[in-house]
Number of protein chains: 2
Amino acid sequence: MAVTMNDVARAAGVSLKTVSNVLNDYEFIRPATKQRVQDAIAELGYEANLTARSLRSGKTKMLGLVLSDLSAPYYAELASRLMKAASRRGYRVLVEQSDAVADVELNALQGPFRQLTDGLLFTPLMIDADAIAARSGGKPLVLLGEHILDSRFDLVTMKNEEAAAALTGHLLSGGRRRVAVIGAHPGESAGSAGLRLNGYRKALDQAGVPFDPALIAPCEWRRDNGAAAVAGLLDQGVEFDAVFGLNDVLALGALHGLLIRGVRVPQEVAVAGFDDIDEARFASPSLTTVSPGMEEIAERSIGLLIDRVEGRESSGGGVHVEAGFRLQVRESAP
Amino acid sequence: MAVTMNDVARAAGVSLKTVSNVLNDYEFIRPATKQRVQDAIAELGYEANLTARSLRSGKTKMLGLVLSDLSAPYYAELASRLMKAASRRGYRVLVEQSDAVADVELNALQGPFRQLTDGLLFTPLMIDADAIAARSGGKPLVLLGEHILDSRFDLVTMKNEEAAAALTGHLLSGGRRRVAVIGAHPGESAGSAGLRLNGYRKALDQAGVPFDPALIAPCEWRRDNGAAAVAGLLDQGVEFDAVFGLNDVLALGALHGLLIRGVRVPQEVAVAGFDDIDEARFASPSLTTVSPGMEEIAERSIGLLIDRVEGRESSGGGVHVEAGFRLQVRESAP
DNA sequence: GCTGGCGTCTGCAACGATGTATGGCAGGAA
DNA sequence: TTCCTGCCATACATCGTTGCAGACGCCAGC
């Protein structure tokens, strides 16, 4: 059997509760007593039973993270950073993959997963604000990403529109005039795809370059779709001198698709992405992209969530954080 | 407050324990009683309190996964698959990143992390078998990877040596004679690097090609090191007509490094990797590599661990599983 | 010398579930 | 009838911790 607080109490010649008080930094304990208890703890190798503590206190010191797929590089990096940020503050992160399935997202909000965690970081993809509001009980919830913009919820996001505009502006200032966009989600305005497309259009307007719907290729954000999309454009005879992949894996897929077809990058077509995943630096040619300040996103969202969990942040309305971004100009679009 | 079993019992007009019995599929319950209880559960929206259940039963239905860095593509994909495999069997996975720091690895074996989980999947990098044996308490433990080969422990691994030999054989049969190896770990024989290097040497021997130490570039398995290593070889004037990156990110880094220096792949130098991460298919040129049967690794290791946890597998000695592999021939080394 | 307050420590109950032991009530065997 | 056995349900203790209320001793103040 494991050593319990009772064993420690007996060994130190104090009551159970005094041991508990020592462990919880209760103020009024004589230094001598405290020392005796700590010695007993060390001697017996006592470790607090986290399950019992959770049952009693109602806190698990775990935070939930819901995202579609941990194997996507952007999410993998984000998860890694979030876990480190949480760890620094004494929390663990429990990850749930939704596979972008609505039912899974709903269950993560209220099922056993929620019960195991003190607060939730949630990337909603398939469900809307009302569904979230209806399901999410009293526990703290911070949304990640941009699919929901609702004053009821805390949200940590990036400057999608500005960053996309800056990136498009960079392409235009390099003399490109026909910038294809890959990965649009038609009809969506609040999601990353919609916002980034908005930024693209704004940059075109500002430069006086006409918008051509033929240049917009809709698809899901998967690597192979990037390659397929440029192949489609080439096959349809659509002329373009630059490609803006709405995220990096799309752009990298597009890069691959172009090179396969013998199109030179960046001489004939420039390619740019969004996210600045590790891989972007080491592609050939290396990928021009936007760095979304992931470290800031991780730090701020964990900070905000823990503040809520521990009752430090209690402003009623949803707090809205926008992390900064940085243009990473590399070989694919100098 | 949340609904408890007591509320359900009252609503159904039965005792607390009867509700518990219904939930745990106890055999002798009258169908009518069972129905009444289930109705009450549905009506009140009762959900079992997992923390209380854990405290009482001593099981958490969580498995621990210790790896160095979740943002490495190989680990991200592995973690994703492990989580799905666990989920199918009613378990969750709690991930701990060790950053390849010995202390963190040791603490994962015995600290609070261990307490939160019913069993552990562990990728040891910095600590040896004796350290593991000394720290790991009575709970089930399955090792992943190849740094430890000890009959005391269960181990799920891949056929590193055979696969590396097959890959090297492929390069040789394509007419290459000077195959550089990137990512060796000098002095290591049991780890992935050592085993893969062994396979390389065996394939050379079998083909009667002499081994040249000048072709072996030691470095840590990071993307940038791949590029740096080929640059180093080129600068030193070492001649080579193929590069074997001991994992894919090294190979991709090398690919990048070669292309930057104007070396044509595969015309002048062939490049091959190991792991078959998603990115390998979409590199330019696409990367020849070895697919290590990750799905099988995930399935077998989770299966083995849960068998241990639930007491189905109780053979004393360590079970040793080797997943199959497949050569993925692509453009970088046709 | 009594009261009041402060510092220090203690006992009891409770968190919400499950294991053990046991108690009824049938119905069949002795 | 009596005893036993099989089915169904219950009461109580228990897992290891923390919150609450209070007890105890000591000193200051009057």
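Proteins get letters first, then strands, A, B, ... in listed order; numbering begins at 1 in each.
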Tell me, which of residues 36-54 of chain B have any heavy atom that sits under 4.0 Å from an atom in DNA chain D?
none

Look at the side chain of B/Ser20 and the backbone N and O of B/Leu16, then say whether any donor-acceptor pair between them is shorter than 3.5 Å.
no

Could you give all pairs that pass the salt bridge (Lys or Arg N to Asp or Glu O under 4.0 Å) test and reach residues 129-140 of chain A, with sequence neighbours left out?
A/Asp130-A/Arg152

Distance check needed: C/dC15 P versus A/Lys59 NZ, whole Å only.
17 Å

B/Thr123 (side chain) donor-acceptor with B/Val66 (main chain) under 3.5 angstrom
yes

Listed partners of A/Asp118 passing side chain to side chain donor-acceptor pair (under 3.5 Å), at least two apart
A/Thr60

Pair of N/O donor and acceptor under 3.5 Å linking C/dT18 base with B/Arg56 side chain
yes

Salt bridge (Lys or Arg N to Asp or Glu O under 4.0 Å): pairs with one or both residues in residues 5-14 of chain A, sequence neighbours excluded:
A/Asp7-A/Arg10

Please list all pairs meeting salt bridge (Lys or Arg N to Asp or Glu O under 4.0 Å) that have one or both residues in residues 83-109 of chain A, counting only residues at least two apart or in different chains.
A/Lys84-B/Asp99, A/Arg88-A/Glu299, A/Arg89-A/Glu299, A/Arg92-B/Glu96, A/Glu96-B/Arg92, A/Asp99-B/Lys84

What integer distance in Å separates B/Met5:CE from C/dG16:P?
12 Å

Where do A/Arg222 and A/Glu220 land on the salt bridge (Lys or Arg N to Asp or Glu O under 4.0 Å) test, with the steps shown first?
CA-CA 6 Å; A/Arg222 288 195 343 255; A/Glu220 290 305 308; over 6 Å; no

Mind running a 4.0 Å heavy-atom check of residues 19-33 of chain A against DNA chain C and sending the residues that fall below it, in number order?
A/Asn21, A/Tyr26, A/Phe28, A/Ile29, A/Arg30, A/Thr33

For DNA chain C, what residues of residues 10-18 of chain B have any heavy atom nearer than 4.0 Å?
B/Leu16, B/Lys17

Taking only residues two or more places apart in sequence, or in another chain, which ones meet A/Arg114 in a side chain to side chain donor-acceptor pair (under 3.5 Å)?
none

Report the end-to-end axis angle of the helix from C/dG1-D/dC30 to C/dA30-D/dT1; each axis comes from five terminal pairs, and the value is rounded to 10°.
70°

Looking only at atom types and distance, does a side-chain atom of A/Gln97 sit under 3.5 Å from a main-chain N or O of A/Leu70, one as donor and one as acceptor?
yes

Taking atom C1' of D/dG16 as reference, at what distance in whole Å does atom CD of B/Gln115 sit?
10 Å

Residues in side chain to side chain donor-acceptor pair (under 3.5 Å) contact with B/Ser301, at least two apart in sequence or another chain
none

Contacts table for residues 32-46 of chain A: side-chain donor-acceptor under 3.5 angstrom, sequence neighbours left out:
{"residue": "A/Gln35", "atom": "NE2", "partner": "A/Asp39", "partner atom": "OD1", "Å": "3.0"}
{"residue": "A/Arg36", "atom": "NH1", "partner": "A/Ala12", "partner atom": "O", "Å": "2.8"}

For A/Asn6 and C/dT10, give me the distance from atom CG to atom P, rounded to whole Å.
12 Å

Which residues pass the side chain to side chain donor-acceptor pair (under 3.5 Å) test with A/Ser15, sequence neighbours left out?
A/Thr18

Heavy-atom closest pair, residues A/Arg308 and A/Val319
NH2-CG2, 3.6 Å

